[in-house]
Amino acid sequence: MTAEKGYSRRDFVKRVGSAAGAVALSPAAVGASGLAQAPAEALPMLHETPRSVFPTLNGRTRGWLRFLWEKATTDDDWSSAGVPHQWWDRYSAPVVLSYGRFDLSFSSYALLLMADQTPAWREVYTRIADGFAGRYPTYWGAIDWLTQIGDDPKRENYPPRVMAGIPERLRGNYNRFGWTANGVEPWGLQPDPIGADGYLFFRGWFTLLLSIYKYVSGDDKYTRPFPVTGYRDQMFEWDHHRIAEHMERQYQAHPEGPQCENTKIWFYCNSAGGLGMHLYDRVFGKQTHRAFENFLEYAGENYMGLSNDGGLEWVTSYYDPIVNHKANAGPAGGIATAFMVLPQNRELATTLYDAAANSLGWRDSQRPIRANATGLLLARALGDHTAIARLRAAAEREYDPRFFGDHDEKFGWFFGLNEAYPRGQRSATMMVSEVGNDGDWIRAFEAPYMDKFDAPTVEGVDFPSLGLYQAWNDTDSGTLYVGTYPTSPDRRGVETTWRVTNLPNTADVFILCDGEPFDRFEATDDGTIRLETTIDARQYQIFTGYRGPGGPPTARRQEPRAGRAAAGLAASRPPADDTRAATRRARSEIVQGGGPTCPCC
């Protein structure tokens with residue numbers, strides 16, 4: 001206790017607490033005319049998020065979170081003896097991304113942004129991300145690599161629409177894009193999907209998912225060995241560090257990029273792998289991304305074509321070094337790649353985005369446009385407000401956004417497909433645009449809230465009965481703002497408890513609930529209090545005294561936290577001149593239909 005003018009810090013907080021409630025307005029506090037009021041009745045459901053100067057989760061985001069929880073925590077079987085639940089998207093972008101692992105990885109993007117909106121509440125995001133990561137290294141996660149052995153037996157008889165995407169000189173003797181071709185020469189059959197020379201579009205997105213898990217949770221679970229299912233159910237052992245180091249070595253040896261499926265180096269796929277390495281470095285204090293920067297330099301010189309005035313004329317979808325062929329698309333063809341590149345190299349990504357925005361007319365109010373989920377999230381990330389307004393209106397018009405469930409407690413985008421559940425990959429991409437503010441996609445990959453593992457934290461919430469739309473430590477006032485809501489009306493008013501951990505001094509804690517003093521809490525151990533309350537829409541202001549990493553130390557339990565030890569820099573070999581020259585000499589054709597045109601690219 002510190003005394004000032006005859007009263008303690010706790011007394012002082014009690015005196016000023018109600019006035020401080022105006023900083024973050026709760027439903028009961030809005031329109032308050034005095035400091036002493038009767039407790040307001042809780043709202044039956046939280047349809048509109050209360051106004052606050054601190055971050056919150058909006059209604060659509062909360063609905064999507066509820067659906068992700070159901071998907072991630074419902075048991076299903078991803079082994080060779082089972083089949084994943086039908087809500088896992090194995091249907092979008094056929095033959096390229098029509099695998100459940102892309103639903104897992106894509107769904108982690110909005111989860112990452114949600115975690116930055118409520119950094120003082122992590123347990124639900126951790127459980128969901130673990131459900132994603134645990135399903136990924138399974139038979140169904142790598143089913144294409146484990147079943148598409150050798151050359152495609154159908155390649156002499158591809159339908160005309162597939163043949164149109166293959167240069168004439170190669171038709172009938174060339175695998176369509178998306179065929180992984182495990183077993184072809186010169187590599188032969190490689191049973192380990194992570195250790196293989198090719199198949200980057202398995203381990204690349206897995207590295208990104210694992211890095212998101214680590215940043216969201218602080219947990220080291222996947223830095224310890226875990227099993228990975230290989231060919232004919234052989235089991236291999238990997239961990240997050242070894243995967244990142246394997247990718248680093250590949251980029252040191254291949255500045256043109258590792259192959260995503262055998263023989264094809266995709267700009268988009270490589271960019272996803274690089275983004276995983278970028279976040280990996282932020283949370284572990286490593287420097288693996290230095291090797292990937294060679295790829296970005298190489299791609300800028302070899303996988304993009306500029307006109308004399310600097311405008312983008314074409315972008316490479318994939319490069320096949322075996323037949324020395326580049327499959328190029330027009331100026332709008334790099335939009336998905338820009339999404340992955342943006343947090344790594346803003347200038348390069350902006351070039352790709354601007355070309356697409358101009359080509360597709362997003363900024364031209366006189367041109368009709370179609371909805372584009374990736375374009376919308378990039379416009380938000382870059383603050384392109386004209387494009388945001390037009391693309392958002394188009395998405396609302398075309399993409400069929402809906403609340404669903406017994407009490408409309410879930411949300412997703414149905415795209416007019418008449419399916420029982422929101423289409424996973426496409427909904428997950430759209431949801432990135434629903435969370436947070438402009439620029440948050442870039443900021444998230446700087447891992448800005450690593451101090452959250454030491455800060456006051458909300459735990460033990462009875463989700464999904466009770467949800468949190470706000471959990472934010474304001475270090476200026478030493479206050480933790482917590483907003484709660486019932487996820488369905490039948491749970492409203494039920495007694496519940498939750499905890500706040502990592503408190504500097506539990507004896508100094510004072511709580512307001514909807515602007516009124518709240519005393520139904522007790523200290524359970526050093527640094528932790530437990531609140532006894534109900535499942536309702538409420539706003540709590542918990543005066544903790546936490547002032548950030550430089551403030552008084554917290555009395556905290558041992559819990560997982562991100563390592564900060566710096567690692568030595570591995571030497572990164574610059575791109576070899578002979579490799580650059582070979583790529584430049586490759587036959588570069590914009591094939592009929594504008595190049596490989598899966599919906600992802």
| note | salt bridge (Lys or Arg N to Asp or Glu O under 4.0 Å) filter on Asp76, not counting sequence neighbours, yields Arg135
| Is a side-chain N or O of Arg538 found less than 3.5 angstrom from the main chain of Thr484, in a donor-acceptor match? | no
| task | Output yes when a side-chain donor or acceptor of Tyr399 lies under 3.5 Å from a complementary backbone atom of Ala371, and no otherwise. | result | yes
| query | Among Trp472, Trp498, Tyr481, which one satisfies ring pair (Phe, Tyr, Trp, His ring centres under 6.0 Å) with Tyr540? | reply | Trp498
| Below 4.0 angstrom, N of the basic side chain to O of the carboxylate: do Asp130 and Arg127 qualify? | no
| Would a distance-only check, ignoring hydrogens and angles, find a side-chain to backbone donor-acceptor pair under 3.5 Å from Asp89 to Gln425? | yes
| query | Taking atom CD of Glu347 as the centre, does the number of heavy atoms from other residues, nucleotides or ligands within less than 6.0 Å exceed 12? | reply | no
| said: I need the single residue from Leu208, Val435, Leu209 that forms a side-chain contact (heavy atoms from CB on, under 4.5 Å) with Tyr109. Which is it? | reply: Leu208
| field | Set of residues satisfying salt bridge (Lys or Arg N to Asp or Glu O under 4.0 Å) with respect to Arg242, sequence neighbours excluded | value | none
| request: Check the side chains of Asn502 and Tyr546 for a donor-acceptor pair under 3.5 angstrom, ignoring hydrogens and angles. | output: no
| said: When you compare the side chains of Arg392 and Ser433, does any donor N or O come within less than 3.5 Å of an acceptor on the partner? | reply: no
| Any side-chain donor near an acceptor of the partner, Tyr125 and Thr118, under 3.5 Å | yes
| query | Applying the ring pair (Phe, Tyr, Trp, His ring centres under 6.0 Å) test to Phe411, which of Trp64, Phe67, Phe403 qualifies? | reply | Phe403
| task | Check salt bridge (Lys or Arg N to Asp or Glu O under 4.0 Å) between Glu123 and all other residues, then give those that pass, not counting sequence neighbours. | result | none
| query | For Phe521, which of Leu531, Thr506, Thr497 qualifies under side-chain contact (heavy atoms from CB on, under 4.5 Å)? | reply | Leu531
| Quick one: CD on Gln117 to CG on Leu112, what's the gap to the nearest 0.5 Å? | 10.5 Å
| Do we see a donor-acceptor contact under 3.5 Å between the side chains of Tyr469 and Gln539? | yes
| note | Residues at least two apart in sequence or cross-chain that pass side chain to side chain donor-acceptor pair (under 3.5 Å) with Asp239, listed by chain then number, are none
| task | Check Ala447 against Val283 and note the closest heavy-atom contact, atom names and distance. | result | CB-CG1, 4.3 Å
| said: Keeping Thr288 on the side-chain end and Glu248 on the backbone end, is there a donor-acceptor pair under 3.5 Å? | reply: no
| query | Where do Val461 and Val124 land on the side chain to side chain contact (heavy atoms under 4.5 Å, CB included) test, with the steps shown first? | reply | CA-CA 9 Å; Val461 174; Val124 168; 5.9 Å; no
| task | For Asp116 and Tyr215, test the side chains for any donor-to-acceptor distance below 3.5 angstrom and give the result as yes or no. | result | yes
| query | Do His240 and Phe284 have ring centres separated by under 6.0 Å? | reply | yes
| Basic-acidic side-chain contact under 4.0 Å: Glu409, Arg491 | no
| said: Under a 3.5 Å distance rule, please check whether Thr56 uses its side chain to pair with a backbone N or O of Phe54 as donor and acceptor. | reply: no
| said: Which residues pass the salt bridge (Lys or Arg N to Asp or Glu O under 4.0 Å) test with Arg363, not counting sequence neighbours? | reply: Asp354, Asp384
| Polar side-chain atom of Ser107 near backbone of Ala428 as donor-acceptor pair, under 3.5 Å | no
| task | For Gln344 and Phe292, run side chain to side chain contact (heavy atoms under 4.5 Å, CB included): C-alpha distance rounded to whole Å, both residues' side-chain angles, the deciding distance at 0.1 Å, then the answer. | result | CA-CA 10 Å; Gln344 308 174 72; Phe292 183 78; 3.0 Å; yes
| message | Does Leu378 form a side chain to side chain contact (heavy atoms under 4.5 Å, CB included) with Trp441? I'd like the steps, not just the answer. | response | CA-CA 9 Å; Leu378 279 167; Trp441 177 249; 5.8 Å; no
| field | Distance (rounded to the nearest 0.5 Å) between Met277 CE and Glu245 CD | value | 10.5 Å
| task | Check Pro549 against Asp451 and note the closest heavy-atom contact, atom names and distance. | result | CG-CB, 3.6 Å
| task | Test Phe404 against every option in Tyr421, Phe414, Trp87, Trp413 by the ring pair (Phe, Tyr, Trp, His ring centres under 6.0 Å) rule and name the one that passes. | result | Phe414
| said: For His278 and Phe445, take the angle between the two ring planes, folded into 0 to 90°, and tell me which bin it lands in: parallel under 30, tilted 30 to 60, perpendicular over 60. | reply: tilted
| task | Scan side-chain atoms only and decide if Thr49 and Asn58 contain a donor-acceptor pair under the 3.5 Å cut-off. | result | no
| note | From the list Ile535, Thr533, Asp462, Thr534, side-chain contact (heavy atoms from CB on, under 4.5 Å) with Glu495 holds only for Thr534
| message | Return the NE2 to CZ distance between His385 and Arg380, rounded to the nearest 0.5 Å. | response | 10.0 Å
| query | Pick one: which of Asp219, Asp220, Asp281 meets salt bridge (Lys or Arg N to Asp or Glu O under 4.0 Å) with Lys214? | reply | Asp220
| query | How many angstroms lie between atom NZ of Lys221 and atom CG of Leu210, to the nearest 0.5 angstrom? | reply | 10.5 Å
| Looking at residues at least two apart in the chain, or sitting in another chain, which of them share a side chain to side chain donor-acceptor pair (under 3.5 Å) with Asn437? | none
| At their closest point, which heavy atom of Ala444 faces which heavy atom of Leu279, and how far apart are they? | O-CD1, 4.3 Å
| Where the side chain of Arg122 meets the backbone of Gly218, is there a donor-acceptor pair that is under 3.5 Å apart? | no
| remark: In terms of heavy-atom contacts, Met114 and Thr61 come closest through CG-CG2, 3.6 Å
| query | Just wondering, do Val494 and Leu466 contact through their side chains at under 4.5 Å, heavy atoms? | reply | no
| request: For side chain to side chain contact (heavy atoms under 4.5 Å, CB included), just list the numbers for Leu104 and Trp205, CA-CA rounded to whole Å, side-chain angles, deciding distance to a tenth of an Å, and then say yes or no. | output: CA-CA 9 Å; Leu104 300 173; Trp205 265 285; over 6 Å; no
| Can you name the nearest heavy-atom pair linking Asn473 to Ala120, along with the distance? | ND2-CB, 3.6 Å
| Polar side-chain atom of Arg547 near backbone of Asp476 as donor-acceptor pair, under 3.5 Å | yes
| request: Please report the shortest heavy-atom distance between Pro343 and Glu446, naming the atom on each side. | output: O-OE2, 4.3 Å
